[in-house]
Q: 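Dropping a structure here in structure tokens format, bear with me for questions.
Below, each value reflects all heavy atoms present in this structure, side chains not excepted, and no hydrogens, waters or symmetry copies. Fair warning: this is a prediction, and the values are worked out from it, not measured in the lab.
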Amino acid sequence: MDQGLSQVMLDVLSKGLFIIYDTLYQDENAQLDEGVLYLYCKDKVELEAQHFFIGSVDACVGFFADFTKQPVNIIRLSRSKIAVKKLLDGQLTLLLTGSIKEQDDSIINHLDTLYKAFLFYNGPFEYIVEKSKGSANRKDVLAFWAGLCQTLIPLFQKGNRSRKLELNDFSKAFDFIPYIELAPTISTRCFITASQILNTLRSDKDNLAGCLFIDKNVLCSQLDSYTTKWVMNFHNFAAEKHKDEAKTRVYLTHSQYSSLALLQESESSFESFEEGNQIGINLKQKLVQIPNNSSIDSETSSYVLKDGKWVGLFIMKLNNIALGLLFSMSAFNDERHIKKIKLIKPQLAALGSIIAESSTPKDSSAPIPVFSPQNGALSQAPRLIGLNTTRDISVPRVFHNNKGNLDFNYLIYENMTKSAKGTLLKKNIEIDITFVKAVTKVHHQFCRDRSLSQIVLRDQKGCIYCRRNYGREVYFQRFAGQSRELPMQEVASIERRAREVLKEEINLL
């Protein structure tokens with residue numbers, strides 16, 4: 001490859017590239033790109049550049065394998081990094097590139113997220129390879145893989161939306177699920193109503209569990225964090241296609257399926273909205289295979305799922321609210337079952353209306369003061385009232401002491417639910433990149449070393465207090481204006497100050 005093409009390839013790698021390719025595919029008459037099962041990149045990648053890149057990665061992985069028994073999962077270049085994942089004894093290879101400034105763990109975790117999402121939407125890779133063998137036309141195989149990977153595109157774009165690399169790194173590192181924050185006046189009532197709706201649906205023996213969404217945020221979920229994320233992604237994917245209803249088959253591992261069974265066994269009966277009687281639940285469903293509409297899928301495939309089960313996923317959207325429901329494959333082709341699910345529409349519509357009315361902005365044109373760390377002065381910002389706030393304002397309040405005005409940033413991350421809240425997630429606040437970079441690096445340190453519980457960082461801008469307690473991570477930044485540094489006595493009291501501020505702001509600690 002000439003030098004000009006090499007430079008173009010380096011630019012492409014820095015922007016992000018995702019590839020699935022067949023390492024063992026060999027055909028004398030094959031085109032250069034026929035070994036590439038799927039490629040995603042915002043920019044066009046020349047065939048020669050693809051061939052050179054894949055060959056170079058394979059050569060590097062093979063070279064490093066002579067020096068270590070551990071699998072090679074990251075390759076660092078001068079301007080980019082490449083995460084590598086080998087599957088099926090090396091037959092398939094997944095590659096994901098990122099900037100050299102991103103943390104290794106961020107890129108590796110993002111690739112693992114794409115792998116798990118593919119598993120959920122399409123089943124095990126060995127199952128997909130088995131189905132692909134039924135076609136002698138290579139173009140049909142490539143089109144088949146391209147169709148399977150369509151639902152991965154929003155997940156790939158999620159970590160590459162911002163022009164600032166630090167924000168992309170932050171998004172990949174935490175990979176949080178956006179939960180909606182309702183106004184205090186309606187939050188309890190809406191959550192109870194949402195839980196009752198899901199429990200009513202689950203009283204049907206064919207329904208496993210579900211979740212409710214408001215726009216692109218989670219309102220209530222009975223699923224684990226990863227399954228909730230994949231269901232939400234499919235809901236967003238269907239919404240972009242302007243579909244109010246969508247049904248598909250998804251794959252759950254035995255551990256994921258068992259968690260649903262345990263959830264159902266812990267609550268043996270639920271009260272029905274319509275009938276008001278108690279209905280017993282039996283969730284020991286038999287797996288029923290259904291034919292896939294793909295032209296290369298064999299209806300008589302002999303492949304047996306060893307590590308999981310197929311279940312159905314139904315999405316139903318009503319204005320601002322949407323339902324995602326997992327149900328048994330025995331009811332997948334039963335139109336009567338879908339009609340029974342739709343009977344819940346009046347309750348969904350009523351709940352959506354309550355939330356929509358509460359999000360209507362009130363008449364409040366008076367600006368509020370916001371501290372800007374760049375100029376060390378107070379500026380004016382519009383007052384916003386909506387679902388993303390638990391207070392009347394969606395910007396941090398300015399705290400005063402006798403030494404001047406001090407502002408703060410904070411982030412609270414719940415590892416169990418993959419939820420996060422804080423000033424970093426508010427769109428109308430200018431983000432301090434120093435805080436973003438520090439939070440990302442400390443989070444990786446917490447993940448690597450479980451013995452760490454507190455970390456305090458200090459620079460010329462101020463101080464950052466980081467704490468992990470069980471599954472919760474708290475990050476609090478306090479900074480001074482440009483005219484002076486934060487005094488040491490205030491640095492020493494940063495933990496106490498964090499507790500005071502967060503308790504008053506969000507009733508935490």
Q: How far does CG of Leu111 sit from NZ of Lys172, to the nearest 0.5 angstrom?
A: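 Leu111 CG to Lys172 NZ: 10.5 Å, rounded to 0.5 Å.
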Q: Just verifying a value: how many Å separate Thr113 OG1 and Asn109 CG, rounded to the nearest 0.5 Å?
A: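 Thr113 OG1 to Asn109 CG: 6.5 Å, rounded to 0.5 Å.
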Q: Establish, from distance only, whether the side-chain atoms of Thr228 and Ser221 form a donor-acceptor pair under 3.5 Å.
A: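 Per modelled atom types, Thr228 and Ser221 side chains form a pair under 3.5 Å.
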Q: Would Tyr410 and Val474 satisfy side chain to side chain contact (heavy atoms under 4.5 Å, CB included), going step by step from the backbone distance to the final call?
A: CA-CA 7 Å; Tyr410 75 93; Val474 177; over 6 Å; no
Q: Could you tell me if the side chain of Phe120 sits less than 4.5 Å from the side chain of Val231, heavy atoms only?
A: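 Sidechains of Phe120 and Val231: in contact.
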Q: Please indicate whether Asn469 has more than 12 foreign heavy atoms, meaning atoms of other residues, nucleotides or ligands, lying under 6.0 Å from its CG.
A: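 Result for CG/Asn469: enclosed.
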Q: Between Lys418 and Asp175, is there a salt bridge with N-O shorter than 4.0 Å?
A: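 Result for this pair is no, no salt bridge flagged.
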Q: Decide yes or no on side chain to side chain contact (heavy atoms under 4.5 Å, CB included) for Thr151 and Thr248, but give the supporting numbers first.
A: CA-CA 12 Å; Thr151 48; Thr248 187; over 6 Å; no
Q: In chain order, what residues pass the side chain to side chain contact (heavy atoms under 4.5 Å, CB included) check against Ala438, with sequence neighbours excluded?
A: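 Ala438 satisfies side chain to side chain contact (heavy atoms under 4.5 Å, CB included) with Leu457, Ile464 once adjacent residues are dropped.
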Q: Only one of Leu152, Thr97, Leu39 passes side chain to side chain contact (heavy atoms under 4.5 Å, CB included) with Phe18; say which it is.
A: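 Testing Phe18 for a side chain to side chain contact (heavy atoms under 4.5 Å, CB included) against Leu152, Thr97, Leu39 leaves exactly one candidate, Leu152.
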Q: With ring centroids as reference points, do Tyr475 and Phe435 lie under 6.0 angstrom apart?
A: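 Tyr475 vs Phe435: aromatic centres not under 6.0 Å.
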Q: Mind listing the closest non-hydrogen atom pair of Ser419 and Tyr179 along with its distance?
A: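 That closest heavy-atom pairing would be CB-CD1, 3.3 Å.
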Q: Roughly how far apart are His443 NE2 and Glu473 CD, rounded to 0.5 Å?
A: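 Between atom NE2 of His443 and atom CD of Glu473 there are 5.5 Å.
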Q: Taking all heavy atoms of Ser106 and all of His444, pick out the closest pair and write down the distance.
A: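 In terms of heavy atoms, the two residues are closest at OG-NE2, 2.9 Å.
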Q: State, to 0.1 Å, how close Ser328 and Leu208 come at their nearest heavy-atom pair, and which atoms those are.
A: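 Looking at all heavy atoms of both residues, the shortest contact is N-CG, 4.3 Å.
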Q: Are any of the side-chain nitrogens in Lys340 or Asp206 under 4.0 Å away from the carboxylate oxygens of its partner?
A: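 Not counted as a salt bridge, because no side-chain N and carboxylate O are separated by less than 4.0 Å.
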Q: For atom CG of Asn319, is the number of surrounding heavy atoms from other residues, nucleotides or ligands below 6.0 Å larger than 12?
A: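 Atom CG in Asn319 is not crowded, with 12 or fewer foreign heavy atoms closer than 6.0 Å.
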Q: So Trp230 and Lys116, do their side chains get closer than 4.5 Å, heavy atoms only?
A: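 They are in contact (side-chain heavy atoms under 4.5 Å apart), so the answer is yes.
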Q: Could you report the tightest heavy-atom contact between Pro178 and Met232, atom names first, then the distance?
A: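 For Pro178 versus Met232, the nearest heavy atoms are CD-CE, 3.6 Å.
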Q: What's the spacing between Ile107 CD1 and Asn73 CG if we round to 0.5 Å?
A: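 Those atoms lie 11.0 Å apart.
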Q: The criterion is side chain to side chain contact (heavy atoms under 4.5 Å, CB included); which residues satisfy it with Thr93, sequence neighbours excluded?
A: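 Checked Thr93 against side chain to side chain contact (heavy atoms under 4.5 Å, CB included); matches are Tyr21, Thr23, Val84, Lys86, Leu95.
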Q: Do Leu182 and Ile214 pass the side chain to side chain contact (heavy atoms under 4.5 Å, CB included) test, and can you show the C-alpha distance, the side-chain angles, and the key distance before you say yes or no?
A: CA-CA 11 Å; Leu182 300 174; Ile214 296 296; 5.8 Å; no
Q: Any side-chain heavy-atom pair from Ser358 and Thr185 closer than 4.5 angstrom?
A: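 Ser358 vs Thr185: side chains apart.
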Q: Counting neighbours of NZ on Lys243 that are heavy atoms of other residues, nucleotides or ligands and sit closer than 6.0 Å, is the number greater than 12?
A: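 Counting other residues, nucleotides and ligands, NZ of Lys243 stays at 12 neighbours or fewer.
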Q: Do the non-hydrogen side-chain atoms of Gln196 and Gln347 ever get within less than 4.5 Å of each other?
A: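 No - every pair of side-chain heavy atoms lies 4.5 Å or more apart.
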Q: Does some side-chain heavy atom of Phe327 sit less than 4.5 Å from a side-chain heavy atom of Asp204?
A: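 No; the side chains remain at least 4.5 Å from each other.
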Q: In the structure I gave you, are the side-chain heavy atoms of Asp215 and Asn320 within less than 4.5 Å of one another anywhere?
A: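 Side-chain contact under 4.5 Å: yes.
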Q: Can you name the residues that form a ring pair (Phe, Tyr, Trp, His ring centres under 6.0 Å) with Phe213, not counting sequence neighbours?
A: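 Per chain and number, Phe213 pairs via ring pair (Phe, Tyr, Trp, His ring centres under 6.0 Å) with His235.
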Q: Give me the atom names and distance for the closest heavy-atom approach of Gln103 to Thr440.
A: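 Where Gln103 meets Thr440 most closely, the heavy atoms are CG-CG2, 4.3 Å.
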Q: Counting distance only, does the side-chain N/O of Asn409 pair as donor-acceptor with the main-chain N or O of Gln477 below 3.5 Å?
A: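 Answer holds: no.
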Q: Between Lys85 and Tyr115, is NZ or CZ placed under 6.0 angstrom from the six-membered ring centre and within 45° of the ring axis?
A: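 Flagged: Lys85 positioned over aromatic ring of Tyr115.
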Q: Has Lys81 got a side-chain atom pairing as donor or acceptor with Glu102's backbone, closer than 3.5 angstrom?
A: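 At least one qualifying donor-acceptor pair exists.
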Q: Fit a plane to each ring of Phe234 and Tyr121, take the angle between them on a 0 to 90° scale, and name the class: parallel (under 30°), tilted (30 to 60°) or perpendicular (over 60°).
A: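 Aromatic pair Phe234/Tyr121 classed tilted.
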Q: Write down the atom of Leu37, the atom of Arg138, and the distance for their closest heavy-atom approach.
A: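 Smallest interatomic distance, heavy atoms only, reads CD2-NH2, 3.5 Å.
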Q: Would you call the rings of Phe118 and Phe125 parallel, tilted or perpendicular, where under 30° means parallel and over 60° means perpendicular?
A: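 Rings of Phe118 and Phe125: parallel, as their planes differ by under 30°.
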Q: To the nearest 0.5 Å, what is the distance between CG (Leu142) and CG (Asp22)?
A: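 It comes to 10.0 Å.
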Q: Ignoring hydrogens and geometry, is there a side-chain-to-backbone donor-acceptor pair from Arg468 to Ile455 under 3.5 Å?
A: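 Judged by distance alone, no pair lies under 3.5 Å.
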Q: Tell me, yes or no, whether the heavy-atom count around Arg448 atom CZ, taken from other residues, nucleotides or ligands under 6.0 Å, exceeds 12.
A: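 Buried by this count: over 12 neighbours within 6.0 Å.
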Q: Run the salt-bridge test on Arg499 and Glu495 with the 4.0 Å N-O cut-off and return the result as yes or no.
A: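 Answer for the salt bridge query: yes.
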Q: Hey, are the side chains of Lys345 and Met316 touching, using non-hydrogen atoms and a 4.5 Å cut-off?
A: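 When only atoms from C-beta onward are counted, Met316 and Lys345 do touch, with a gap below 4.5 Å.
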Q: State whether the side chain of Gln445 and the backbone N or O of Lys441 hold a donor-acceptor pair below 3.5 Å, judged by distance alone.
A: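 Pair absent, no side-chain N/O of Gln445 close to backbone of Lys441.
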Q: Report yes if the side chains of Gln454 and Tyr465 come closer than 4.5 Å at any heavy-atom pair, otherwise no.
A: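 Side chain of Gln454 against side chain of Tyr465, heavy atoms only: contact under 4.5 Å found.
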Q: Between CG of Leu348 and OG of Ser353, what distance do you get to the nearest 0.5 Å?
A: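 Separation between the atoms: 10.5 Å.
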Q: Assess the residue pair Tyr251 and Trp310 against the criterion (side chain to side chain contact (heavy atoms under 4.5 Å, CB included)); give the C-alpha distance rounded to whole Å, side-chain angles, the decisive distance to 0.1 Å, and a yes or no.
A: CA-CA 5 Å; Tyr251 176 83; Trp310 295 113; 3.6 Å; yes
